[in-house]
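Numbers restart at 1 for each chain; the letters A, B, ... are given by sequence-line order, proteins then strands.
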2 protein chains.
Amino acid sequence: MTIFATGVGVPHNGGMTEAVIHKRDYEGELKRAGVRLTRPRRVIVGLLTQTEDHPDALEIFRRASAIDPSISLSTVYRTMKLLEGLGAIHRHAFEGGPSRFEQAGGDHHDHLIDLDTGDVIEFKSERIEALQAEIAERLGYDIVHHRLELYGRKRG
Amino acid sequence: MTIFATGVGVPHNGGMTEAVIHKRDYEGELKRAGVRLTRPRRVIVGLLTQTEDHPDALEIFRRASAIDPSISLSTVYRTMKLLEGLGAIHRHAFEGGPSRFEQAGGDHHDHLIDLDTGDVIEFKSERIEALQAEIAERLGYDIVHHRLELYGRKRG
DNA sequence: ATGCAGTTGCAAATCATTTGCAAGAAGAGG
DNA sequence: CCTCTTCTTGCAAATGATTTGCAACTGCAT
Ligand SMILES: [Mn+2]
Ligand SMILES: [Mn+2]
Ligand SMILES: [Zn+2]
Ligand SMILES: [Zn+2]
């Protein structure tokens with residue numbers, strides 16, 4: 001089992017504002033998709049590139065507003081839906097909350113949600129993935145995608 | 001791996017209106033919980049007892065209305081929330097739809113959702129359950145509950 | 001630089017679910 | 001069986017997240 005990242009927006013360093021975290025070429029993807037590269041879109045994808053956590057639309061709106069106050073929440077929603085359609089980001093609907101997003105492209109992984117803090121911990125189990133495939137196989141289905149979420153609290 | 005039931009509300013027999021499917025004593029649980037046994041509640045839990053599928057609030061409302069037309073959708077929502085709190089039913093928020101419910105008490109199982117038909121197929125894998133526990137263990141967490149949903153389409 | 005289809009911000013609309021409130025029934029006690 | 005109190009209900013209005021209509025605006029191909 002592999003642990004990918006932990007925490008919600010907590011930088012993995014000592015607080016240094018270190019930039020350039022991921023490799024996704026959002027602008028290229030938008031261009032390829034034949035849509036216009038507008039200011040709001042640049043701001044949003046620019047910020048997603050630096051994003052390590054799983055922010056919801058409102059949080060993305062806040063972060064985008066800090067860069068360009070004229071951006072609207074509607075546009076954030078529209079852009080997230082657009083990027084989701086392009087497969088550039090993933091949308092997670094964790095229980096009891098609004099959708100949260102993360103950039104696609106990294107290795108597939110599932111999530112453990114800390115019920116006390118809301119923190120999202122990523123993990124991956126090849127064994128579980130394989131078992132899921134096996135189950136679908138037995139049931140005569142092709143899996144299009146799946147959702148595995150563990151909800152728990154720190155042992156102690 | 002075990003398959004529990006398949007289909008959405010499709011009777012497993014030839015269409016005979018066979019009654020008494022499950023064993024849950026909802027009325028006793030309500031009594032024990034110290035709440036009143038009202039007509040709407042009797043109707044709803046009575047119908048849940050006969051329920052093998054995973055209906056949403058509106059569908060439960062329709063079924064209840066057929067028995068007592070005076071029941072309101074609000075009461076269905078309130079009752080489902082009450083039963084959920086008592087642990088008498090489980091709520092599932094499958095992607096892109098309203099909450100769907102099923103009686104609690106049967107063995108734990110997870111679901112495969114047919115993307116074409118919306119059918120819900122139940123299955124259970126001890127191996128996956130064990131792996132989940134193992135993962136939480138490694139991460140230092142106690143799992144309170146989890147969600148495993150496979151979304152796919154019939155192979156062919 | 002020009003023109004126009006694609007985009008945006010804003011407000012209003014949706015959808016599922018919840019809630020305020022006045023009227024209506026459980027059911028404990030008599 | 002009758003009362004009284006409290007819990008529930010039905011209805012309508014409120015919520016919260018997300019979507020959408022529309023007129024103003026702006027990429028960007030020509
Ligand atoms: Mn993730
Ligand atoms: Mn089920
Ligand atoms: Zn997975
Ligand atoms: Zn399970």
>> Contact list please: residues 77-99 of chain B against DNA chain D, heavy atoms, distance less than 4.0 Å, in numerical order.
In response: B/R78
>> Once you apply a heavy-atom cut-off of 4.0 Å, does A/L58 come out as touching a base, just sugar-phosphate, or nothing?
In response: nothing
> Per the end-axis method with five pairs at each terminus, what is the bend angle of the helix from C/dA1-D/dT30 to C/dG30-D/dC1, to 10°?
Replying inline: 30°
> Could you give the start and end, 5' to 3', of the contact zone on DNA chain C for chain A, using atoms under 4.0 Å from its heavy atoms?
Replying inline: C/dA5 to C/dA11
> Which letters describe nucleotides 25-30 of chain D, given B = protein heavy atom under 4.0 Å from base, S = only from sugar-phosphate, - = neither?
Replying inline: -BBS--
>> My understanding is that only residues two or more places apart in sequence, or in another chain, count here; which of them pass side-chain hydrogen bond (donor to acceptor under 3.5 Å, both in side chains) with B/R36?
In response: none
>> My understanding is that only residues two or more places apart in sequence, or in another chain, count here; which of them pass side-chain hydrogen bond (donor to acceptor under 3.5 Å, both in side chains) with B/R153?
In response: B/D116
> Stepwise, does the salt bridge (Lys or Arg N to Asp or Glu O under 4.0 Å) test hold for A/K124 with A/E126?
Replying inline: CA-CA 7 Å; A/K124 158 130 192 203; A/E126 294 298 357; 3.7 Å; yes
> Does A/K154 have any side chain to side chain contact (heavy atoms under 4.5 Å, CB included) partners at least two apart in sequence or in another chain, and if so, which?
Replying inline: A/D114, B/Y141
> Considering residues at least two apart in sequence or located in another chain, which fulfil the side-chain hydrogen bond (donor to acceptor under 3.5 Å, both in side chains) criterion with A/E95?
Replying inline: B/H145
> Any chance CZ of A/R127 has more than 12 other-residue heavy atoms, nucleotides or ligands included, within less than 6.0 Å?
Replying inline: no
> If only atom types and distance count, is the side chain of B/Q103 paired as donor or acceptor with the main-chain N or O of B/L48 below 3.5 Å?
Replying inline: yes
> Can you name the residues that form a side-chain hydrogen bond (donor to acceptor under 3.5 Å, both in side chains) with A/T75, not counting sequence neighbours?
Replying inline: A/S72
> Taking only residues at least two apart or on different chains, which pairs with a member in residues 67-93 of chain A satisfy salt bridge (Lys or Arg N to Asp or Glu O under 4.0 Å)?
Replying inline: A/R39-A/D68, A/E84-A/R91
>> According to ring pair (Phe, Tyr, Trp, His ring centres under 6.0 Å), who are the partners of B/H111, at least two apart in sequence or on a separate chain?
In response: B/H54, B/H92, B/F94, B/H109
>> The test is salt bridge (Lys or Arg N to Asp or Glu O under 4.0 Å); show your working for B/R32 and B/D25 and say whether it passes.
In response: CA-CA 11 Å; B/R32 230 166 292 134; B/D25 175 28; 3.6 Å; yes
>> B/S65: which residues meet the side chain to side chain contact (heavy atoms under 4.5 Å, CB included) condition with it, sequence neighbours left out?
In response: B/F61
> Please give, in whole Å, the distance from D/dT8 C1' to B/R41 CZ?
Replying inline: 6 Å
>> Under a 3.5 Å cutoff, is there a donor and acceptor pairing between the side chains of B/H146 and B/H108?
In response: yes
